[in-house]
Amino acid sequence: MPSPSAAPVLKPIRDRDIGARTLAVVTDNTQQSPDAHGPHSAIPADLPTQYAPAEVEGKLYERWVEAGWFEADAKSGKPPYTIVIPPPNVTGSLHLGHAFQHTLMDALTRRKRMQGYEALWLPGMDHAGIATQNKVEQQLGEEGRSRQDLGREAFVDRVWQWKQEYGGRILGQMRRLGDGVDWSRERFTMDEGLSRAVQTVFKKMYDDGLIYRAERIINWCPRCLTAISDIEVEYQDDDGELVQLKYGDGEESVVVATTRAETMLGDTAIAVHPDDERYQHLIGKQIKLPLTDRTIPVVADSHVDPEFGTGQVKVTPAHDPNDFEIGRRHDLPMLTVMDERGVITAHGPFQGLDRFEARSAIVAALREQGRVLQEKRPYVHSVGHCSRCKTTIEPRLSMQWWVKVAPLAKKAGDAVRDGRTTIHPADMASRYFDWVDNMHDWTISRQLWWGHRIPVWYGPEGEVVCVGPDEQPPAGEGWHQDPDVLDTWFSSGLWPFSTLGWPNETPDLAKFYATDVLVTGYDIIFFWVARMMMFGTYVMDEPPFHTIALTGLVRDEHGKKMSKSFGNVVDPLDWMDAYGSDALRFTLASGANPGTDVPIGEDWVKASRNFANKIWNATRFALMNGATVEGALPDASEMAATDRWILSRLNTVLAEADGYYEDYQFAKLADALRHFAWDEVFDWYVELSKTTFARGGRAAEVSRRVLGEILDVTLRLLHPIVPFVTEELWTTLTGGESGESIVVAAWPQDSGFRDAAAEAEIATVQQAVTEVRRFRADQGLQPGQKVPADLALAGTPLVAHEEAVRQLLRLQPAGEGFQATASLPVAGATVSLDLSGAIDVEAERKRLTKDLAAAEKELAQTGAKLTNEAFLAKAPEHVVDRIRGRKAAAEADIARLTQQLDRLA
RNA sequence: GGGCGCAUAGCUCAGCGGUAGAGCGCCUGCCUUACAAGCAGGAUGUCACUGGUUCGAUCCCAGUUGUGCCCACCA
């Protein structure tokens with residue numbers, strides 16, 4: 001609520017008891033300026049000339065929430081419109097990427113709400129298993145403690161505490177952004193209901209044979225001490241060392257290459273290609289493995305590429321995924337030589353060494369034996385890193401739970417193929433298909449504490465005895481629950497229906513599933529989008545979204561990725577503080593070309609702030625001049641051409657805007673609205689209206705109503721993108737009838753009114769005014785300088801606008817002693833000016849000459865085209881017509897310019 | 001190694017077969033009583049390169065170069 005000391009801002013009129021509804025005014029100011037323009041103009045003297053977002057935003061947001069406008073009703077008869085938020089990780093705070101996507105989602109739901117849909121934007125957060133656990137462990141580390149010190153239960157409690165604190169920060173940021181989410185439906189992936197959904201799906205998949213347990217090579221993070229899935233591994237080029245090692249001696253020796261020499265301790269075979277003639281004699285032989293007392297066989301396996309290196313490969317089944325497969329094929333022993341932290345466990349001199357220490361120690365030892373034949377250093381190769389902590393991944397043999405992906409992915413792919421779900425923009429669909437059509441099985445168990453514990457209980461022999469959620473573990477000793485938790489993406493994959501109450505058949509689920517659109521970045525197609533599609537089609541038998549609208553990533557003003565190491569990360573709060581939430585939102589929307597990255601810089605936010613301020617001041621002007629939305633719009637027959645023109649344009653823009661909204665073309669939308677509002681309404685229409693208002697009478701009355709209409713509709717069109725400033729102004733403009741708010745105002749509709757004649761007429765006025773302005777500027781006339789002029793406008797569209805033209809151009813009537821020293825033909829009329837000898841003949845001649853040259857060039861070009869028979873024969877008629885038109889225009893220009901030049905001489 | 005995308009004004013990007021556009025920046029002049037967070041006027045581009053298709057190409061096709069991203073079990 002505003003405090004009395006707050007700077008004056010526009011307030012809703014209902015805060016004051018004002019009789020005249022045609023006027024909306026501010027605050028507690030009682031001073032009124034002289035009535036300059038008639039009975040409607042009672043204006044406080046100190047009306048602020050700048051929009052102050054900080055004064056408005058918090059207050060409005062609280063009002064919206066209190067009014068319950070963002071709360072959806074599952075029982076309403078209105079058609080549903082649903083968006084579930086991509087739940088931000090509780091780990092942190094929202095960045096510009098969130099602000100960007102939230103702006104789009106908010107705009108979509110706000111518009112649909114105004115259109116009469118039961119609009120639900122469901123908020124929530126993701127527990128982000130590994131990420132959050134790492135953060136909390138880090139925090140503990142600073143206290144000199146580890147999670148093991150706390151124990152599982154205490155540690156999980158600690159994470160919940162953390163969630164309370166940081167989750168709140170995220171919610172606060174969403175409020176600042178103006179997110180119109182339904183707070184009564186806020187969800188968290190670790191909530192009881194969502195946990196139950198997780199267990200229920202797990203059970204169903206287990207029963208359907210889609211979840212299984214298997215020992216395989218997985219990506220292991222020796223720092224996080226957990227398995228991670230393929231897509232959680234980030235590959236980057238690292239400098240390493242490729243060494244060629246000689247195993248065995250004499251005839252029966254082989255040379256293998258490796259970048260991970262330490263794994264040789266776990267070698268259990270040498271492999272060569274079965275058809276490799278060089279090595280036929282070796283197949284089946286035993287080779288002495290250096291540094292150990294073991295001998296290993298040479299096996300033939302077609303996986304080996306004879307062209308690569310020596311064509312002889314060391315095989316370490318327990319520490320390399322390919323070798324694991326070879327090992328399986330040849331029934332080799334799986335020898336694990338490292339523990340979960342990457343420390344060597346194999347007996348011998350290297351035991352207890354870290355894997356990297358062991359690597360150099362082993363190479364050194366082999367070198368001493370003369371077994372290192374070649375060393376390439378640096379050897380740049382691609383190495384997997386944990387996406388959470390950047391530690392080098394260690395492939396590790398381990399027992400894990402898996403999801404059998406193929407059947408699920410098939411359904412997920414089909415949903416897009418058969419059109420039940422549309423991917424937007426369409427060319428992003430290929431990325432989606434690439435993934436769902438080639439997905440490997442998914443490791444879902446994680447050796448973490450923070451997350452959904454796997455709902456499986458084992459008996460004393462390690463056998464699975466039951467799978468939750470409804471089965472109780474049997475009584476007796478020796479039963480225990482699986483200690484692992486599920487991959488965080490398992491629960492977020494259920495988000496579109498778990499948040500609506502599934503597995504219960506809730507009214508929410510019936511009303512709001514499937515959701516309408518998913519707005520998210522193309523970077524998580526694999527992590528999240530594909531998985532939601534899999535779970536949705538599998539569990540609900542219906543894909544979770546009708547449309548997947550993919551956004552680009554927010555980048556800095558030079559298109560560079562925002563990252564801490566570049567130091568170019570911006571906290572959205574900083575810009576919101578400085579320029580207002582609307583400014584940030586408008587900027588983000590302006591950059592939103594579907595699927596394309598969005599660069600953003602502070603200057604651009606500033607420019608949007610300027611636009612918000614422009615809207616503010618234009619509305620201020622309108623209010624001062626008595627713009628109103630009271631009563632019906634006057635009949636077109638009563639309107640001046642300016643009124644008909646702007647209403648005609650309004651409807652055109654409205655239709656355009658609707659198209660852009662429906663097509664997620666926010667950049668084009670923002671551009672169209674800014675252009676219409678700023679250039680056409682705030683500039684031309686307002687300027688032209690000034691004359692009308694000054695003159696008064698019925699014409700002024702009509703214009704006041706039209707101006708009110710234009711603003712009313714324009715504000716509503718803008719509201720989904722810039723909710724705050726539009727709300728503040730709209731409630732003022734409309735008098736805030738019965739507590740109404742633009743949030744629940746009806747979306748404007750195209751009335752169908754168009755007036756091509758008026759549009760043409762105003763175009764002529766604009767052209768004429770611009771032309772004379774240019775002349776004035778060329779002549780060096782001060783903009784404020786009044787110039788006596790004689791306007792011969794008879795027979796032109798300008799005749800009805802003489803007064804406005806004179807005012808816009810600072811032209812005085814030709815009085816006594818008028819002497820035309822310059823006269824220029826504009827739009828079929830002639831404007832004669834008395835410049836009292838001040839005319840700059842040279843400047844004008846230069847300009848005319850330049851224009852003449854351009855016109856002659858145009859004439860030559862069009863003339864050539866029109867005598868080109870091939871062109872005439874093949875070009876479509878409308879194109880030929882256009883060229884003819886251009887030629888005629890060029891001829892007219894030449895005649896006019898020649899005449900003007902003659903007159904100058 | 002595969003796949004996809006992009007190269008247009010100083011910057012960031014629209015346009016995608018018929019005379020090159022926007023925002024920001026830049027130059028000039030203005031405190032014109034809604035707004036200097038503003039107003040008026042202005043300048044700026046062999047639309048990466050080379051060929052091809054076409055009456056006509058920034059736009060379609062092929063190749064070249066540069067650049068970005070994604071995928072991959074490169075010992």
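Bear in mind the structure is a predicted one, so any value in this text is a computation, not a measurement. The sequence lines fix the lettering, A, B, ..., with proteins before strands; numbering per chain opens at 1.
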Check [Y] with [X], please: is the shortest side-chain N to carboxylate O separation under 4.0 Å?
| X | Y | result |
| --- | --- | --- |
| A:Asp320 | A:Arg260 | yes |
| A:Glu602 | A:Arg609 | no |
| A:Glu803 | A:Arg806 | no |

Take atom [atom1] of [X] and atom [atom2] of [N], then tell me their distance rounded to the nearest Å.
| X | N | atom1 | atom2 | value |
| --- | --- | --- | --- | --- |
| A:Asn613 | B:A37 | CG | C1' | 5 Å |
| A:Leu673 | B:G23 | CG | C1' | 15 Å |
| A:His440 | B:A72 | NE2 | P | 6 Å |
| A:Phe308 | B:G1 | CZ | P | 12 Å |

N/O-N/O pairs, protein side and nucleotides 40-48 of chain B side, under 3.5 Å:
unit_1, atom_1, unit_2, atom_2, d
B:A40, OP1, A:Asp683, OD1, 3.4
B:A40, OP1, A:Asp683, OD2, 2.8

Between [N] and [M], how many Å separate the two [atom1] atoms, rounded to a whole number?
| N | M | atom1 | result |
| --- | --- | --- | --- |
| B:A7 | B:U58 | C1' | 12 Å |
| B:G23 | B:G41 | P | 13 Å |
| B:G21 | B:U44 | C1' | 13 Å |
| B:C13 | B:A75 | C1' | 45 Å |
| B:G29 | B:C11 | P | 27 Å |

Residues which pass side-chain contact (heavy atoms from CB on, under 4.5 Å) with [X], listed by chain and number, not counting sequence neighbours:
| X | answer |
| --- | --- |
| A:Thr770 | A:Trp684 |
| A:Ala804 | A:Leu688, A:Thr691 |
| A:Asp683 | A:Glu687 |
| A:Ser608 | A:Ala583, A:Phe586, A:Thr587 |

Donor-acceptor pairs are to be reported for all side-chain atoms of residues 522-530 of chain A against protein atoms at under 3.5 Å, with residues two or more places apart or in another chain.
unit_1, atom_1, unit_2, atom_2, d
A:Tyr522, OH, A:Asp597, OD1, 2.8
A:Tyr522, OH, A:Asp597, OD2, 3.3
A:Trp528, NE1, A:Ser492, O, 2.9

Between the protein and nucleotides 29-33 of chain B, which nitrogen or oxygen pairs are less than 3.5 angstrom apart?
unit_1, atom_1, unit_2, atom_2, d
B:C30, O5', A:Gln782, OE1, 3.4

Looking across every strand, which nucleic acid part, if any, lies under 4.0 Å from A:Phe682 by heavy atom: base, sugar-phosphate, or nothing?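 The residue A:Phe682 makes base contact.
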
Between A:Trp435 and B:G3, does any side-chain N or O lie under 4.0 Å from OP1 or OP2?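 No, outside the criterion.
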
May I ask you to verify if any side-chain N or O of A:Asn617 is less than 4.0 angstrom from the OP1 or OP2 atom of B:A37?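 Looking at the OP1 and OP2 atoms of B:A37, neither is under 4.0 Å from any side-chain N or O of A:Asn617.
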
For [range], which residue pairs qualify under side-chain hydrogen bond (donor to acceptor under 3.5 Å, both in side chains), counting only residues two or more places apart or in two chains?
| range | answer |
| --- | --- |
| residues 423-439 of chain A | A:Arg417-A:Asp437 |
| residues 304-313 of chain A | none |
| residues 856-871 of chain A | A:Glu858-A:Arg886 |

Where the side chain of A:Ser382 is defined as all heavy atoms beyond and including C-beta, which of B:A34, B:A72, B:C35 is the nearest nucleotide?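 Per side-chain heavy atoms of A:Ser382, the pick is B:A72.
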
Below 3.5 Å between N/O atoms, which protein atoms pair up with nucleotides 16-22 of chain B? Just atom names and distances, please.
unit_1, atom_1, unit_2, atom_2, d
B:U19, OP2, A:Arg886, NH1, 3.2
B:U19, O4', A:Arg886, NH1, 3.4
B:U19, O2, A:Glu858, OE1, 3.0
B:A22, O2', A:Asp671, OD1, 3.4

Counting only Watson-Crick or G-U wobble pairs whose two distances fall under 3.5 Å, which nucleotide matches B:U67?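 Base-paired to B:G5.
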
Excluding sequence neighbours, so at least two apart, what forms ring-ring contact (aromatic ring centres under 6.0 Å, His included) with A:His330?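 None.
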
